[in-house]
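Notes for the one structure printed next.
Basis for what follows: all heavy atoms, side chains included, without hydrogens, waters or symmetry-related copies. It should be emphasised that the depicted structure is a prediction, and the values quoted were computed from it without experimental measurement.
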Amino acid sequence: MSRPQPLGRADLLAPLTPAPDASERVGVEVECALLDPVTGIGARYSGPRGVRAVRAAVLERWGGEPEYDTRQLTGVRLPGGGSVTLEHGGRIEYSSMPAPGVGGAVDEVRAALERLADLAAGFGPALVPGGNLPFGRLADVERVPMTRGAAMRRYFAGLGPAGERAPQMMALSLSTRATLDFLGPEDLTRKLRMQTAVAPRSPRCSSTPRCWKAVRAACCPTAAGPGCGRTRSAPACCRPPCAPT
């Protein structure tokens, strides 16, 4: 079997910009934190100025279809098609509608996050996307009412030392992802190669196996959960295209 050719810039960009007549679509998801604009400490989940209050205001002011977990509001499917959901550690995630290319999805996300930042500012916190939260402590992060959160904590605890930093990843890190349709096995292979090449599981920054440039990957390098591990901490995920309606 011949070795695949190295990927160039055009190969990396092509999956994010399908041809105008292509059937596949691209989506973007951005996790954001609500932080105290002075101290940088994350907002509490509960309370009149907390994450729960901001999320309830999204439903009240923007409308949409609510989503619940353990009888608690955890998401809102917006009338325009995007969604605002609760994530671990009290993070808020905006997910775009499927778009013909990443540019259109990013435009939608930017406009939505500007509106969300304005809404959150009325409660006090600043909306901050992407990266890690360096000013908070794990002990100060309030757990949120998500069934899958408890399941993930049990799973990571069962990994022993390999999962010991997973709580930091769940509570003190943020991610931005692109979701790509694929049209068949060859298309999937092409997009997975791109995903692996650009993933933030960057090469080790020294000869030490646990010295990573990607802190999120370092939190659980052998875990098999989404967003964790050497082949899973990628900014792009692939899925089959939706069936026509």
Side-chain angles (χ1 to χ4, degrees), residues 1-32 75 77 80-85 87-88 91 93-113 129-132 148 152 166 169-170 173-205 212-245:
M1 179 181 297
S2 60
R3 297 184 63 181
Q5 295 297 313
L7 297 176
R9 180 179 176 84
D11 300 309
L12 298 177
L13 293 176
L16 299 174
T17 54
D21 59 346
S23 59
E24 68 261 43
R25 292 291 183 265
V26 178
V28 173
E29 303 170 6
V30 180
E31 290 181 353
C32 301
R77 293 188 177 274
S83 65
V84 177
T85 55
E87 293 297 328
H88 306 295
R91 312 301 168 233
E93 178 177 276
Y94 182 82
S95 301
S96 75
M97 284 282 291
V102 71
V106 168
D107 288 343
E108 176 196 334
V109 169
R110 180 180 290 113
L113 291 185
N132 296 284
R148 62 185 171 94
M152 290 177 68
M169 179 274 297
M170 293 174 65
S173 72
L174 306 166
S175 70
T176 298
R177 297 181 294 276
T179 302
L180 312 176
D181 288 337
F182 65 89
L183 304 179
E186 291 185 3
D187 191 44
L188 174 61
T189 299
R190 179 174 68 94
K191 289 171 179 174
L192 284 176
R193 287 193 68 205
M194 179 277 291
Q195 171 185 347
T196 303
V198 302
R201 61 154 187 83
S202 309
R204 299 168 186 169
C205 54
W212 301 84
K213 293 181 181 179
V215 176
R216 189 178 176 95
C219 287
C220 45
T222 61
C228 298
R230 298 188 60 182
T231 60
R232 299 244 181 171
S233 59
C237 303
C238 295
R239 58 182 175 81
C242 297
T245 57

Mind checking salt bridge (charged side-chain N to carboxylate O under 4.0 Å, His left out) for E87 and listing every partner two or more places apart, or none if nothing turns up?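 Partners of E87 under the salt bridge (charged side-chain N to carboxylate O under 4.0 Å, His left out) test: R148.
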Under the side chain to side chain donor-acceptor pair (under 3.5 Å) rule, collect the residues that match up with D187, sequence neighbours excluded.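 D187 satisfies side chain to side chain donor-acceptor pair (under 3.5 Å) with R190, K191 only.
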Side chain to side chain donor-acceptor pair (under 3.5 Å) against R193, all qualifying residues, sequence neighbours excluded: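 R193 satisfies side chain to side chain donor-acceptor pair (under 3.5 Å) with no residue once adjacent residues are dropped.
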Roughly how far, to the nearest 0.5 Å, is the [atom2] atom of [Y] from the [atom1] atom of [X]?
X	Y	atom1	atom2	result
R91	S173	CZ	OG	8.0 Å
E31	H88	CD	NE2	8.0 Å
R9	D11	CZ	CG	12.0 Å

Could you check D107, L16, V109, L13 and say which one makes a side-chain contact (heavy atoms from CB on, under 4.5 Å) with V102?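 For V102, the side-chain contact (heavy atoms from CB on, under 4.5 Å) check succeeds only for L16.
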Taking side-chain contact (heavy atoms from CB on, under 4.5 Å) as the criterion, tell me which of V106, L180, T17, T179 meets it with V26.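 Only one of V106, L180, T17, T179 forms a side-chain contact (heavy atoms from CB on, under 4.5 Å) with V26, namely L180.
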Exam field: side chain [X] to backbone [Y], donor-acceptor pair closer than 3.5 Å:
X	Y	result
E108	M97	yes
S96	V28	yes
E29	R177	no

Could you check if a side-chain atom of S23 sits within less than 4.5 angstrom of a side-chain atom of L183, using non-hydrogen atoms only?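 S23 vs L183: side chains touch.
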Quick check: closest heavy atoms across L113 and C32, and the distance to 0.1 Å?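 Heavy atoms only, the tightest pair is CD2-SG, 3.9 Å.
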